[in-house]
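Before any comments, here is the structure.
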Amino acid sequence: MKISIANIFKGDKVIWMIFFFLCIISLIEVFSSSSTLTYNKASYWGPIIKHGGILLAGLVIMVVVQNIDCKYFKIATIFLLIISAITLLWVLMAGQSTNGAQRWVSLFGLQFQPSEIAKGTIVLAVAQILSAMQTEDGTEEKTFKYVLTITCPLIFLIMLENLSTAMLIGLVVVGMMFFGRVSLRKIGRLIGGLALFGVICLSLVLLLGKEEVPDSKTSLTEQTAKVETAASEGFLDKVFHRAGTWKGRILKFLNNEEVAPKDFDLDKDSQIGHSNIAIASSEIVGKGPGNSEERDFLPQAFSDFIYAIIIEELGLFGGVFVMFLYIFLLWRAGRIADRCANNFPAFLVMGLALLLVCQAMFNMMVAVGLAPVTGQPLPLISKGGTSTIINCVYIGAILSVSISAKKKQSAIPSRRPQQVS
């Protein structure tokens with residue numbers, strides 16, 4: 001078989017273009033914003049070489065996934081559900097702490113976040129349920145119950161260590177049910193129930209949580225020790241040890257009191273403060289790639305707050321361009337779904353696109369101060385390991401649908417019969 005560029009980069013060309021744009025921005029901005037890593041590791045090229053290697057590995061995996069017929073994704077659903085449940089329980093019982101959060105497990109020397117696998121698994125399971133329960137007038141009555149039965153236990157396990165990820169996947173599931181023609185009355189009741197549950201949880205967090213405001217003078221070792229101490233306590237203490245962090249972030253976000261610049265405490269609010277400085281100093285055109293000043297002061301500048309660095313260096317136009325890349329990804333996924341003759345690939349591609357775009361919006365809203373700090377990376381741009389690889393798998397699955405899913409007759413270009421003279 002002759003190997004060519006066309007044989008490798010198959011599928012929807014617009015999705016490929018968006019992917020490469022995001023990767024190019026990622027390489028430039030991660031290299032620029034990794035000054036603290038290069039200093040700590042005494043290696044100028046080390047962080048970007050590692051990040052480039054992860055992107056390259058993600059690209060290879062993406063090409064492999066795009067060549068899998070989308071109908072075979074159904075087979076993996078039950079196995080992924082079991083793996084997700086086991087690893088989420090594992091991270092709750094004996095997870096490893098990194099950057100003060102206990103969200104990782106290590107297997108054969110590889111460290112990964114089970115929640116990243118669980119997110120895609122939930123989308124895959126919901127797509128399969130919705131496709132199997134379709135009727136001419138919408139979905140069957142039991143669809144709503146089946147979706148909640150599968151998703152709620154996994155989302156609850158995710159919520160215990162990563163509230164923002166649980167909220168993200170919950171929003172995606174609601175969106176998929178809307179596109180899957182589940183009764184609007186039931187979706188409305190679910191949203192109302194979730195709102196009530198959120199109010200109850202918020203009240204418990206504010207009442208019971210012991211506020212812990214991170215201090216820049218507190219070393220990472222000390223922050224990690226706090227998490228490990230919580231992990232060694234009783235089960236209930238272990239489950240609710242993140243309540244203090246949630247309370248601190250919520251109170252910061254809800255505090256509308258104006259603080260004069262000279263009175264702003266950059267030790268306590270270093271992320272928010274330096275993010276605001278980065279955005280405010282960018283003006284319209286930005287300082288240019290590699291010219292960021294706040295990258296040396298902004299914690300997680302290469303990860304959770306990389307969007308602030310993008311705006312600082314590329315200006316308002318650069319920030320808007322990145323935002324529209326994600327919006328265009330969702331629009332293009334909708335076009336691919338609309339051309340699918342069968343329901344499963346259509347729901348799958350929309351669910352994965354919603355997952356990527358909603359996470360991107362979460363990250364960007366945090367960076368510009370429209371949402372409390374969540375710890376969500378910017379998909380395919382932030383420096384990461386598990387999240388980058390898994391996001392490449394999601395893009396590969398979207399490309400697989402664009403290649404292998406059966407097309408509607410109206411989507412297939414008709415050919416005029418040749419006239420025989």
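All figures in this text were calculated on a predicted structure; none of them were measured in a lab. Basis for what follows: all heavy atoms, side chains included, without hydrogens, waters or symmetry-related copies.
- Not one N or O on the side chain of D338 forms a donor-acceptor pair closer than 3.5 Å with the backbone of G334.
- Across L55 and T388, no two heavy atoms sit closer than the pair CD2-CG2, 3.7 Å.
- In this structure, the side chains of P379 and Y394 stay at 4.5 Å or more apart for every pair of heavy atoms.
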Kindly determine whether M159 and M167 satisfy side-chain contact (heavy atoms from CB on, under 4.5 Å), including the steps that lead there. CA-CA 8 Å; M159 183 188 70; M167 294 172 61; over 6 Å; no

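- F20 and F9 have perpendicular rings, their planes meeting at more than 60° on a 0 to 90° scale where under 30° would count as parallel.
- How far CD1 of I68 is from CD of Q66: 10.0 Å, rounded to the nearest 0.5 Å.
- The line from CG of L380 to CD1 of I25 is 11.0 Å long, rounded to the nearest 0.5 Å.
- Within the 4.5 Å cutoff, the side chain of C392 has no heavy atoms near those of the I61 side chain.
- Heavy atoms only, all atoms of each residue included: L27 and H51 are closest at CD2-CD2, 4.2 Å.
- Scanning for side chain to side chain contact (heavy atoms under 4.5 Å, CB included) contacts around I24 gives I28, with sequence neighbours left out.
- Taking the side chain as every heavy atom from C-beta outward, V182 and V147 never approach each other to under 4.5 Å.
- Side chains of E313 and S32: a donor-acceptor N/O pair is present below 3.5 angstrom, by distance only.
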Would you be so kind as to tabulate the donor-acceptor pairs closer than 3.5 Å made by side chains of residues 127-143, with sequence neighbours excluded?
unit_1	atom_1	unit_2	atom_2	d
Q128	OE1	T77	OG1	2.8
S131	OG	A127	O	3.1
S131	OG	Q128	O	2.9
Q134	OE1	R181	NE	3.2
Q134	OE1	R181	NH2	3.0
Q134	NE2	L130	O	3.0
Q134	NE2	G180	O	2.8
T135	OG1	D137	N	3.4
T135	OG1	G138	N	3.4
T135	OG1	G138	O	2.7
E141	OE1	K186	NZ	2.9
T143	OG1	E140	N	3.4
T143	OG1	E140	O	2.9

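- By the 4.5 Å heavy-atom criterion applied to side chains, M62 and V65 are not counted as neighbours.
- With sequence neighbours excluded, the residues that form a salt bridge (charged side-chain N to carboxylate O under 4.0 Å, His left out) with E312 are K287.
- The backbone N or O of A405 sits less than 3.5 Å from a side-chain atom of K407, completing a donor-acceptor pair.
- Rounding to the nearest 0.5 angstrom, the gap separating the CG atom in L298 from the CD1 atom in I277 is 9.5 Å.
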Side-chain atoms of residues 349-359: list all donor-acceptor pairs with protein atoms under 3.5 Å, sequence neighbours left out, distances to 0.1 Å.
unit_1	atom_1	unit_2	atom_2	d
Q359	OE1	K119	NZ	2.8
Q359	NE2	P377	O	3.0

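- Pairs passing the salt bridge (Lys or Arg N to Asp or Glu O under 4.0 Å) check and including a residue from residues 58-84, sequence neighbours excluded, do not occur.
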Walk me through whether I311 and V368 qualify under side-chain contact (heavy atoms from CB on, under 4.5 Å). CA-CA 10 Å; I311 296 177; V368 300; 4.2 Å; yes

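- Residue N67 holds its CG atom at 6.0 Å from CD1 of I403, rounded to the nearest 0.5 Å.
- Taking the six-membered ring where the residue is Trp, W16 and F19 present perpendicular rings, their angle passing 60° and hence far from 30°.
- Interatomic distance, CG of L378 versus CE of M364, reported as 6.0 Å (0.5 Å rounding).
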Kindly list each side-chain donor-acceptor pair under 3.5 angstrom involving residues 302-310, sequence neighbours excluded, with atom names and distances?
unit_1	atom_1	unit_2	atom_2	d
Y307	OH	G319	O	2.7

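- The list of side chain to side chain donor-acceptor pair (under 3.5 Å) pairs with a residue in residues 168-180, not counting sequence neighbours, is empty.
- Of all the heavy atoms in I158 and A166, the pair that sits closest is CG2-N, 3.8 Å.
- Sequence neighbours left out, not one pair with a member in residues 316-329 passes side chain to side chain donor-acceptor pair (under 3.5 Å).
- The side-chain heavy atoms of V322 and F21, taken from C-beta on, include no pair separated by under 4.5 Å.
- In this structure, the side chain of K383 does not engage the main chain of S26 through any donor-acceptor pair within 3.5 Å.
- The side-chain hydrogen bond (donor to acceptor under 3.5 Å, both in side chains) check on S84 picks up T121, with sequence neighbours excluded.
- Distance check: Q376 CD to S387 OG gives 9.5 Å after rounding to the nearest 0.5 Å.
- Applying the 6.0 Å contact sphere to CZ of F317 captures no more than 12 heavy atoms from other residues, nucleotides or ligands.
- V173 and T151 get closest at one heavy-atom pair: CG2-CG2, 4.3 Å.
- What you find for L88 and A118 is that their closest heavy atoms are CD1-CB, 3.9 Å.
- Annotation: ring-ring contact (aromatic ring centres under 6.0 Å, His included) contacts involving residues 341-388, sequence neighbours excluded, are absent.
- Closest of all the heavy-atom pairs between S115 and T165 is CB-CG2, 4.3 Å.
- Applying the side chain to side chain contact (heavy atoms under 4.5 Å, CB included) test to I49 and every residue at least two apart in sequence or in another chain returns W45.
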Test M361 against I327 for side-chain contact (heavy atoms from CB on, under 4.5 Å), laying out the working first. CA-CA 9 Å; M361 294 303 162; I327 294 174; 3.7 Å; yes

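- Here D12 pairs with R332 under the side-chain hydrogen bond (donor to acceptor under 3.5 Å, both in side chains) rule; sequence neighbours left out.
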Check the pair V172, I122 against side-chain contact (heavy atoms from CB on, under 4.5 Å), reporting the backbone distance first and the verdict last. CA-CA 10 Å; V172 171; I122 290 173; over 6 Å; no

